[in-house]
**Q** 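If you scroll down you'll find the structure; I have some questions about it.
Bear in mind the structure is a predicted one, so any value in this text is a computation, not a measurement.
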Amino acid sequence: FQTHTKNQMSVGINWQRTNAQNKTLFNNVDGVVENKAIYVEDRWQLDNSWQINSGLRYDHYNKSGGKPTLHLAVNKKFNENSHAYLSWGQVFRAPSAQDLYWDQADAWGFITKGDPNLKPEYGQVFTIGYNTKAGKNTDIGVSLFYSDIKDAIYWDWETTFGVTQARNAHREKRRGMELNVNHKFSDAWSAYASYTYVSMERDTTNGAGYVSEPRVKPNIYKFSVRYDKADWTVETILRGASGQSKKMYSKNSYFTMDINTQYKISKNLKAYINIYNLNNVAYEEAPISNGRSFPMPSRTIIGGVQVTF
């Protein structure tokens, strides 16, 4: 609702309930995670160049109790083509049903176990960024982020062989940056490129010291070229990562190529053919305990027709 010509406020409530009733995953445990929340958001347009957003939220979980969190963001518009922003927010996340109740042994005898006594994690997140136009057809964005989380929830696969256990870390810190460029060559042709750097360190016990998380991909790349005109849409996408830990992945780096093609036959009918992993690279997106836990598919070609009514 509008409280002033330059101020807008919103209030809301949220309720969510999860029942852990899958007998295979939760070993016949009938656990419940319920969250009730109320929040208020406020937006001030101080003048043509400054905007301040703030908010207060209170969450209450049946297993983890309640806690209020705050967030604040400031946006500065320099001109029609560029602006900068700075944001800070508190974090409060209770354990999920999987974190608490997962209790499963796979066909090879490896066990995944939640912990009903997990504590909620809490902390704060900072972000600073800048968006601008470099000429008429090029958009550039850069952002830096940092988070500091206490009692961070994570899955430990190293302490006990064959067992992946949900635990609370003493502290977890994450930092990184993202750079993206979007350029339009013409009405039909455009390109997009991005680079993301992420570093995460975790102190699993009080005072033991920080250790880098080997499951995190430190360098992530994406580049795409798109043609979109009349009835044709064709996009070529290059994706990759480098600096991966061979403790978790089968190789330090990889690049893969996808080509997606679509032709509009009529208003309600489209034909498509998509080629994934064209260069047939062996790689993993999200391993559990070794580099071959989640191998991605080899070269895959999918075609079809899409009808809308």
Side-chain angles (χ1 to χ4, degrees), residues 10 12 14 16 18 22 25 80-83 85 96 98 127 129-143 145 176-198 215-217 219-242 244 249-251 253-288 291-309:
S10 58
N14 182 68
Q16 184 175 348
T18 303
N22 187 309
L25 293 180
E80 292 300 320
N81 296 323
S82 62
H83 70 97
Y85 57 91
S96 67
Q98 288 87 345
T127 305
Y130 178 72
N131 295 321
T132 189
K133 274 186 171 293
K136 181 180 178 180
N137 298 318
T138 303
D139 297 313
I140 300 175
V142 60
S143 63
F145 60 86
M177 63 87 66
E178 181 173 355
L179 173 66
N180 61 78
V181 180
N182 202 331
H183 180 75
K184 190 172 183 180
F185 298 100
S186 66
D187 291 340
W189 288 96
S190 61
Y192 173 82
S194 69
Y195 166 70
T196 303
Y197 168 77
V198 181
R215 278 171 280 204
V216 171
K217 297 173 182 284
N219 303 291
I220 301 172
Y221 314 90
K222 182 177 180 181
F223 176 76
S224 70
V225 177
R226 182 182 178 92
Y227 174 82
D228 191 352
K229 187 174 183 179
D231 298 325
W232 284 98
T233 300
V234 182
E235 185 172 24
T236 300
I237 304 171
L238 297 175
R239 294 181 297 106
S242 67
Q244 298 179 145
Y249 297 92
S250 61
K251 55 183 66 175
S253 62
Y254 72 87
F255 280 90
T256 185
M257 177 187 290
D258 302 335
I259 299 178
N260 303 324
T261 305
Q262 178 182 280
Y263 178 71
K264 186 177 180 181
I265 301 171
S266 64
K267 180 180 179 181
N268 300 319
L269 184 63
K270 298 176 182 178
Y272 65 89
I273 182 168
N274 299 331
I275 306 174
Y276 302 104
N277 197 3
L278 176 64
N279 50 331
N280 208 30
V281 173
Y283 70 103
E284 302 83 32
E285 285 282 3
I288 295 179
R292 304 185 192 281
S293 293
F294 284 121
M296 298 302 291
S298 59
R299 184 185 298 116
T300 304
I301 302 175
I302 300 175
V305 176
Q306 179 181 333
V307 181
T308 57
F309 301 93

**Q** Has the side chain of Gln244 got a donor or acceptor atom that lies under 3.5 Å from a matching backbone atom of Lys251?
**A** yes

**Q** Step by step, work out the side-chain contact (heavy atoms from CB on, under 4.5 Å) result for Lys217 and Tyr249.
**A** CA-CA 10 Å; Lys217 297 173 182 284; Tyr249 297 92; 3.6 Å; yes

**Q** For the side chain of Asp258 and the backbone of Asn277, is there at least one donor-acceptor N/O pair under 3.5 Å apart?
**A** yes

**Q** Of all heavy-atom pairs between Asn279 and Met257, which one has the smallest distance, and what is that distance?
**A** OD1-N, 3.1 Å

**Q** Begin from the C-alpha positions of Asp187 and Lys229 and carry the test side-chain contact (heavy atoms from CB on, under 4.5 Å) through to its verdict.
**A** CA-CA 8 Å; Asp187 291 340; Lys229 187 174 183 179; over 6 Å; no

**Q** For Thr132 and Asn81, does a side-chain donor sit closer than 3.5 Å to a side-chain acceptor?
**A** no

**Q** So does Ser298 get a backbone contact from the side chain of Thr300, meaning a donor-acceptor N/O pair under 3.5 Å?
**A** yes

**Q** Quick check on side chain to side chain contact (heavy atoms under 4.5 Å, CB included): which of Val225, Asn260, Ile259 does Ile237 satisfy it with?
**A** Asn260

**Q** Are Met296 and Tyr276 side-chain neighbours, meaning at least one heavy-atom pair lies under 4.5 Å?
**A** no

**Q** Return the OH to OG distance between Tyr254 and Ser242, rounded to the nearest 0.5 Å.
**A** 10.0 Å

**Q** Using the side-chain contact (heavy atoms from CB on, under 4.5 Å) rule, take Ile140 and Tyr130 through it: C-alpha gap first, then chi angles, then the decisive distance, then the call.
**A** CA-CA 8 Å; Ile140 300 175; Tyr130 178 72; over 6 Å; no

**Q** Please tell me whether Asn131 and His83 have a donor and an acceptor in their side chains that are separated by less than 3.5 angstrom.
**A** yes

**Q** How many angstroms lie between atom CD of Gln262 and atom CD of Glu235, to the nearest 0.5 angstrom?
**A** 11.0 Å

**Q** Distance check, rounded to the nearest 0.5 Å: Asn182 atom CG versus Ser194 atom OG?
**A** 10.0 Å

**Q** Can you tell me if Asn274 uses its side chain to pair, donor with acceptor, with the backbone of Ile302 under 3.5 Å?
**A** no

**Q** Give the C-alpha distance, both sets of side-chain angles, the deciding distance and a yes or no for side-chain contact (heavy atoms from CB on, under 4.5 Å) between Phe223 and Thr236.
**A** CA-CA 8 Å; Phe223 176 76; Thr236 300; over 6 Å; no

**Q** Under a 4.5 Å cut-off applied to non-hydrogen side-chain atoms, are Lys222 and Ile220 in contact?
**A** no

